[in-house]
There are 2 protein chains.
Amino acid sequence: MLVNQTDIYALRAMTFLALQGADALVSSKDLAEKTRIPSHYLSKIMRRLVEAELVVSQKGHGGGFQIVRPLEEITIEGILDAMGDKHELEKCAFGWEKCGGEHPCPLHPAWSELKSSFVGWASSTNLSKLRNAHIQQRFLSSLGGGDLPE
Amino acid sequence: MLVNQTDIYALRAMTFLALQGADALVSSKDLAEKTRIPSHYLSKIMRRLVEAELVVSQKGHGGGFQIVRPLEEITIEGILDAMGDKHELEKCAFGWEKCGGEHPCPLHPAWSELKSSFVGWASSTNLSKLRNAHIQQRFLSSLGGGDLPE
DNA sequence: CCCAAAATAGACATAAAAGTCCTTTGAAAA
DNA sequence: TTTTCAAAGGACTTTTATGTCTATTTTGGG
């Protein structure tokens, strides 16, 4: 819940695409190898991302997946929404049908806090941010030498 | 992940116990009915909470479960730890064996943020806080009239 | 035009989580 | 002491999530 394995795969794939630079076209096979996501499972995930219009797909020879929108526009929230488990956060943790307003369940205040901090994080983190942070980090660590893992 | 159904059940059960007042002894059957947790499943959950010493159990006729420690000491983090899925947060979201320090994965900074805000929430929220907030809320809403749901 | 590469689609398989059932053990009350 | 209630423990089942396989469609290249 909140973030499952499939969600993480989606985040990985999108992040990887974003790191390949503007409009890079990457095949599912390549993506799967580089991100270590089971290839057939990845293709299911990619379809959802295509439907949500976060990526564009190119069928046939030389095809693949591509981000065509500005990276700033693609947030973690958007990716999670595309994977379709938003409703999880909306259910009352105490199992009440009606919870909130005048009659919040005992867990309601705490749950709301969690929810808003989670949504805050997810909505403020976009692919551009991830990319910049990572590129900067690679630059800094290249100054110190050392090998890149994996 | 982060918080699964079983975790939520544990939070519900502990919260319910905390609301019953100091040292209330509640049977598994009662707990299950009031919290709407499948009774046999609940008893498994309670065993874990007993082992973690968050509650004490009383076997035999008239037995049940009881919180004997100060409510301030029992945090959501403690409850989640008792349920045993702490390791989830520690794994690299990008699937790298070694991630962090000199060579963080592209998702590392964002993931760390999420982790620390989640842990901050879980460790700062304790049963006393939940109880007080709820009691206060009930008082306030009683002034306005209206029925309690569920 | 035909072949190969690559996404799409959906059926199938496996693993993990959630839930149920049955037996045993312990303690209180009759 | 016997009965009865309730936790402990474990085997089993069901459901959901994850992963695999096999075809079908689409597209570019020879």
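Values reported hereafter were calculated over all heavy atoms of this structure, with side chains retained and with hydrogens, waters and symmetry mates removed. Throughout, a chain's letter reflects where its sequence line sits, starting with A, and its residues are numbered from 1.
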A.B. asks: In this structure, how many angstroms lie between the C1' atom of D/dC5 and the NZ atom of B/K29, rounded?
C.D. replies: 10 Å
A.B. asks: Tell me if a side-chain donor or acceptor on A/N132 pairs with a main-chain N or O of A/K129 at a distance below 3.5 Å.
C.D. replies: no
A.B. asks: Rounded to whole Å, please give me the gap between CD1 in B/I45 and P in D/dA8.
C.D. replies: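 So the two atoms are 13 Å apart, to the nearest Å.
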A.B. asks: If I take atom CZ in residue B/F65 and atom C1' in nucleotide C/dG26, what distance separates them, rounded to the nearest angstrom?
C.D. replies: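 Going from B/F65 (CZ) to C/dG26 (C1'), I get 13 Å.
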A.B. asks: How are the rings of A/F94 and A/W96 set to each other: parallel, tilted or perpendicular (split at 30° and 60°)?
C.D. replies: perpendicular
A.B. asks: Expressed in angstrom and rounded to an integer, what is the separation of B/Q5 atom CD from C/dT20 atom P?
C.D. replies: 12 Å
A.B. asks: How many Å lie between NE2 on A/H61 and P on C/dC2, as a whole number?
C.D. replies: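 Answer to the nearest Å: 19 Å.
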A.B. asks: Nearest nucleotide by nearest heavy atom, which residue falls closer to the 5' end of DNA chain C, B/D7 or A/K44?
C.D. replies: A/K44
A.B. asks: Which listed nucleotide (C/dT20, D/dA7, C/dA5) is nearest to the side chain of B/S27?
C.D. replies: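 Of the options given, the side chain of B/S27 lies nearest D/dA7.
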A.B. asks: Provide, to the nearest angstrom, the distance between the CZ atom belonging to B/R47 and the C1' atom belonging to D/dA6.
C.D. replies: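 Spelled out: CZ on B/R47 to C1' on D/dA6 is 13 Å.
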A.B. asks: Looking at A/M83 and A/T6, what are the two nearest heavy atoms and their distance?
C.D. replies: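 Between these two residues, the closest heavy atoms are CE-CG2, 3.6 Å.
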A.B. asks: May I have the distance from B/L25 (atom CG) to D/dA7 (atom P), rounded to whole angstrom?
C.D. replies: 8 Å
A.B. asks: Do any N or O atoms from the side chain of A/D30 and from the backbone of A/S27 form a donor-acceptor pair under 3.5 angstrom?
C.D. replies: no
A.B. asks: For A/S57, report the nucleic acid contact type (base, sugar-phosphate, nothing); a contact means any heavy atom under 4.0 Å.
C.D. replies: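 Contact class for A/S57: sugar-phosphate only.
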A.B. asks: How many whole angstroms separate atom CG of B/N4 from atom C1' of C/dA15?
C.D. replies: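 So the CG-C1' distance, B/N4 to C/dA15, works out to 16 Å.
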A.B. asks: Remember a base hit wins even if backbone is also touched, and classify B/S39 as base, sugar-phosphate or nothing at under 4.0 Å, heavy atoms.
C.D. replies: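 The answer is nothing, as B/S39 stays clear of every strand by at least 4.0 Å.
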